[in-house]
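Worksheet: one structure, shown below.
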Amino acid sequence: MVVLAKPPAPLEQISLVRSPEQGDYFAGVPAVDLAAPGAARDVVRACERFGFFKVANGHGVPEGVVGRLEAEAVRFFASPQAEKDAHGPASPFGYGNRRIGRNGDMGWLEYLLLAIDGASLSDASPAPSSSLRDAANEYVGAMRGMARTVLEMVAEGLGVSPRGALADMVTDAASDQLLRLNHYPPCPLLQSLMPNCSPTGFGEHTDPQLVSILHSNGTSGLQVALHDAADNAGHWVSVPSDPSSFLVIVGDSLQVMTNGRLRSVRHRVVANKLKSRVSMIYFGGPPLEQRIAPLRQLLAAAGGDGEEQSRYEEFTWGEYKKAAYLSRLGDNRLAPFYRHQPPPIAKPQA
Ligand SMILES: C=C1C[C@]23C[C@@]1(O)CC[C@H]2[C@@]12CC[C@H](O)[C@@](C)(C(=O)O1)[C@H]2[C@@H]3C(=O)O
Ligand SMILES: O=C(O)CCC(=O)C(=O)O
Ligand SMILES: [Fe+2]
């Protein structure tokens, strides 16, 4: 048997993980039909229990919108390396290859990170072609609409009014949104050398924003850490790919705004050694000056006679984002903001 002391050169800085097996696939991915009665309750339940859910129906995304952007992404990633490099390095916007962020994280992927201004791409991150820009603008319009619907349902399901209390933050003219196109190339070399190992495509992390909406082609690779039952807390499972649906992921900011009722979920991508994975993710964040703190109505409703205490120190989205961009991908970015909970005041003896 050949024992490799070191992974082959192109993979040198990429950590390898065990290749997903049939038994790792999670059959219990919660699915919500956004147009069905009771959808608001289902959205909240899924976000409380899992921190993510799948939307196959009722999303209102017009036919062709996904396919047009995905075809543009595939075309861009298939273009010569020098042409792609001309749109990089990602700092943070633009074309990136293996380097994720500025702090040494590496993954087996290439990507385009694009800033959004209102309902279309921002001039701060010009798209590589006008056809990609047009397809991305159409896609962003649809994702922004879905993010709004989901956040309205979160408010409704939690009994918060107005319905737009959270949704307005992503559709505000100053909201801080991003579009990310990821390409995880195959890695046949590793398949022949280390059949049980796969390259980490995107290391484990939580998304810092309010909500992320992910679409991927038919190549699986996304894994999530379940935080459901005690016996599988932190247990990584693979999410089966389904190109006819979207995955909604709870971000750190939504966790804080709901005082921890909805929980952001750690996720990562294991690259497939034989097939390309292409994913497109919309990140819905609030305006930079938005205060990120639990919604008052939630604290009042949960507190019985008094008011429930916030579990977090207050911060603005701008402050959190700045701290996030100084952190490593896998860091627990909320940890520095956890508030020390004073012990409950003992009731006087009768
Ligand atoms: C290592 C990093 C990449 C990231 C910025 C960070 O310093 C930590 C958070 C990372 C993340 C994860 C979710 C999104 O993909 C992303 C765009 C974001 O907002 O936070 C990335 C950042 C990035 O790739 O620049
Ligand atoms: O590409 C994927 O499927 C997920 C990537 C991701 O989690 C991210 O870009 O934040
Ligand atoms: Fe993510």
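For clarity, every value in this text was computed on a predicted model and none was experimentally measured. Order of listing sets the numbers, starting from 1, for every ligand and every atom in it.
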Side-chain (R98) to main-chain (E110) donor-acceptor, under 3.5 angstrom: no
Which residue and heavy atom of the protein sit nearest atom 10 (C) of ligand 1, plus the separation: L329 CD1, 3.8 Å
Ligand-residue contact atoms, ligand 1 with D105, heavy atoms, under 4.0 Å: 1 (C)
Ion pair R148/E152, N-O distance below 4.0 Å: yes
Nearest neighbour in protein (non-hydrogen) for atom 2 (C) of ligand 1: G101 CA, 3.9 Å
Pair E156 + R41, salt bridge at N-O below 4.0 Å: no
Mutual orientation of the aromatic rings belonging to F76 and H87 [parallel < 30°, tilted 30-60°, perpendicular > 60°]: perpendicular
Sub-4.0 Å protein heavy atom next to atom 21 (C) of ligand 1: yes
Ion pair check, K322 and E319, cut-off under 4.0 Å: no
Structural part of S212 in contact with ligand 1, heavy atom criterion under 4.0 angstrom: neither
Under 3.5 Å donor-acceptor, S264 side chain and G251 backbone: no
Cationic N near anionic O, under 4.0 Å, R18 to E21: yes
Taking atom 15 (O) of ligand 1 as the reference point, the nearest protein heavy atom with its distance: R180 NH1, 3.0 Å
Interatomic spacing from NZ in K273 to CG in L193 - rounded to 0.5 Å: 10.0 Å
Closest to atom 19 (O) of ligand 1 among R333, H205, Q209 (heavy-atom distance): Q209
Close-contact set for ligand 2 against D207 heavy atoms, below 4.0 Å: 10 (O)
Atom 3 (O) of ligand 2 - nearest protein heavy atom and its distance: R277 NH2, 2.6 Å
Derivation and outcome, side-chain contact (heavy atoms from CB on, under 4.5 Å), residues M153 and T149: CA-CA 6 Å; M153 288 185 175; T149 304; 3.9 Å; yes
Where ligand 2 meets L214 - atom numbers and elements under 4.0 angstrom, heavy-atom basis: 2 (C), 3 (O), 4 (C)
Proximal ligand 2 atoms for V269, defined as those under 4.0 Å from one of its heavy atoms: 1 (O), 2 (C), 3 (O), 4 (C)
Which of the ligand 1 atoms, numbered from 1, are nearer than 4.0 Å to a heavy atom of A324: 6 (C), 7 (O), 8 (C)
Side chain, backbone, both or neither: H267 near ligand 2, heavy atoms under 4.0 Å: side chain
Heavy-atom proximity to atom 10 (O) of ligand 2, best of R266, R180, H205: H205
Main-chain N/O of G285 paired to D176 side chain as donor or acceptor, under 3.5 Å: no
R99 bridged to D105 by N-O distance under 4.0 Å: no
For atom 25 (O) of ligand 1, the option (of F202, Y111, F283, Y325) bearing the nearest heavy atom: Y325
Ligand 1 contact on L178 by region, counting heavy-atom pairs under 4.0 Å: side chain
Which of the ligand 1 atoms, numbered from 1, are nearer than 4.0 Å to a heavy atom of I100: 1 (C), 3 (C), 24 (O)
Shortest heavy-atom approach to atom 1 (O) of ligand 2 - which of F283, F202, Y184: Y184
Atoms in ligand 1 with a heavy atom of N103 nearer than 4.0 Å: 7 (O)
Between S253 and Q209: side-chain donor-acceptor atoms closer than 3.5 Å: no
Close-contact set for ligand 1 against D207 heavy atoms, below 4.0 Å: 13 (C)
Angle, NE2 of H205 through the Fe ion (ligand 3) to OD1 of D207 - 10° precision: 90°
Spatial distance of atom CD (E313) from atom OH (Y338) [nearest 0.5 Å]: 13.0 Å
Shortest-distance N, O or S atom of H267 relative to the Fe ion (ligand 3): NE2
Contact check: S327 vs ligand 1, nitrogen or oxygen atoms, below 3.5 angstrom: yes
Donor-acceptor pair between S327 and R333 side chains, under 3.5 angstrom: yes
Per-atom contacts of ligand 2 with S279, taking only distances under 4.0 Å to non-hydrogen atoms: 1 (O), 2 (C), 3 (O)
